[in-house]
Amino acid sequence: MLNRRKFFALTAPLALTGNRLMAAAQNAPLGAPHPAPPVRGAANLPIVVSTWDFGQAANAEAWKILNAGGWSLDAVEAGVKVPEADPNNTTVGLGGFPDRDGRVTLDACIMEGNGNCGSVGALEHVVHAISVARRVMEKTPHVMLVGDGATQFALEQGFPKENLLTPTSEKAWKEWLKTSHYQPVINIENQSYHKQPPMPGGPGNHDTIGMVAIDAKGRVSGACTTSGMAFKLHGRVGDSPIIGAGLFVDDEVGAATSTGVGEEVIRICGSHLVVELMRQGRSPQQACEEAVKRIVQKGPERAKTLQVGFLAINNQGDIGAYALQKGFTYSVRTGSVDQVYPSPYYYQ
Ligand code: GLY
C-alpha cells in the first residue's frame, strides 16, 4: 500500500520550482515514477486538463477556443464532444458499451464557476450528451433531466436521433451476455473488451472524460461525459452527471472531476469534497489524495478491486491528480505544455 509519507519521500527530491518542475514533469514517460503534477501560475492561463490520454485530443479542441481568448465553458463543451463523437471510444458517447439490455445510455454534466450547471442522466439516442446538459442549464429552470424526459427534451431541442450502438459495442455486449447471468459487473471495463491485458487500472481502462479549464479571464468551467459502466442495469446512473460527484466548479476555488467506478465517487461527493478541501487550503494534489483516501477508508477491501481517479485544478492553474490504482492518466494543455501524465496512485 502506498502511504503518503512514502509517496512524499519518493517525490521530495523532485519538489522543484518553476521551469525545473515543469521540465521534470514533461519528461516523465507514462508508467515512470511521477515527479509531481506541473504547477502553473495565473500568468500562464489559460489551461485545460482532462482525464485519460484520450483527453489530449479533447484538450486540443478546447485549446482552439481558449487560445483565441474564448470562454472556458465553450471550450470544455467543444473539447469533450471529441470523444463523444468517436465510435472507437467505448466509454463515451457514440460507440459506448450498452447496458444489460443492449441500450446505450449516456450521463453528462457541465458547470460554470458561478454555480450555473446542467445535467442529463440515462440519455438515449443523442451523441452529444454534454450539449444537451448545457441546453438544460440554459433553456430550463432545472439542473437535471433523466431517462425518457432527457431524451424527449433533446429531440424537442433539435438534436438528431441516432443509433449509438456500433457493431463493435453490440458484439461485445452479445459476448458478455453469454456468460453474464445478467449480473452487472462492477468496473467491467477493467476486465476488458479492449485489446490490452485486463488489469485493474491498466491501459485498457479508459473511462469517463472529465475536463476542467480556466480561460484567460480566469473563468473556471468543467464538463464530464460518459456512457457509464458497461452492461450496467438499465437506469443506472453513475457519478458523471451528478454535480458534486463527477464534477464541481467554483470560480473562487477551482474545479475537480472524476473517473472510474461512479458509485464510490457518489458515496463521498468526491469532486465537491476535492474543491472544498482546496477551499480550506489544501493543494489540488493534497485534495485529490484525501478524496481517494476517503474511498479507501469506506471499504479497503472493495477499494482494492476498483479504479477511481480524481483530477483537479485550483483557480491559479495548479494541478493535482490521484487514483486508487496504477493506470490513471491525465492530459494537460497550456501555452507551453501539451502532455499526458501518469497519475500517482494509492495501492502500490
Ligand atoms: N465514472 C463513470 C461511471 O461510473 O459511470
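Every value quoted in this text rests on a predicted model; they were computed, and no experiment measured them. Just follow the structure's listing: the first ligand is 1, and inside any ligand the first atom is 1. All heavy atoms count here, side chains included; hydrogens, waters and symmetry mates do not.
Screening V48, I209, V340, T51 against S331 for a side-chain contact (heavy atoms from CB on, under 4.5 Å) leaves a single residue, V340.
In summary, the atoms of ligand 1 found under 4.0 Å from a heavy atom of G260, numbered by their order in the structure, are 1 (N), 2 (C), 3 (C), 4 (O). Ligand 1 places these atoms under 4.0 Å from at least one heavy atom of G262: 3 (C), 4 (O). Annotation for ligand 1: atoms under 4.0 Å from non-hydrogen atoms of D239 are 1 (N), 2 (C), 3 (C), 4 (O). For ligand 1, the atoms sitting less than 4.0 Å from at least one non-hydrogen atom of S240 are 1 (N), 2 (C), numbered in the order shown with element in parentheses. The contact set between ligand 1 and M229, taken as ligand atoms under 4.0 Å from a residue heavy atom, comprises 5 (O). Annotation for ligand 1: atoms under 4.0 Å from non-hydrogen atoms of G228 are 5 (O).
Between the side chains of H128 and E84, at least one donor N or O sits under 3.5 Å from an acceptor N or O. Side-chain atoms of T105 and D99 include no donor-acceptor pair closer than 3.5 Å.
When hydrogens are left out, the protein atom nearest atom 2 (C) of ligand 1 is T208 OG1, 3.0 Å; that is the closest non-hydrogen contact.
Using a non-hydrogen distance threshold of 4.0 Å, R236 registers as a contact of ligand 1.
With respect to E124 and R103, a salt bridge is recorded, a charged nitrogen being found less than 4.0 Å from a carboxylate O.
Under a hydrophobic-cluster definition in which Ile, Leu, Val, Met, Phe, Trp and Tyr are linked whenever side-chain heavy atoms come within less than 4.5 Å, directly or via other members, M137 and L145 are assigned to different clusters.
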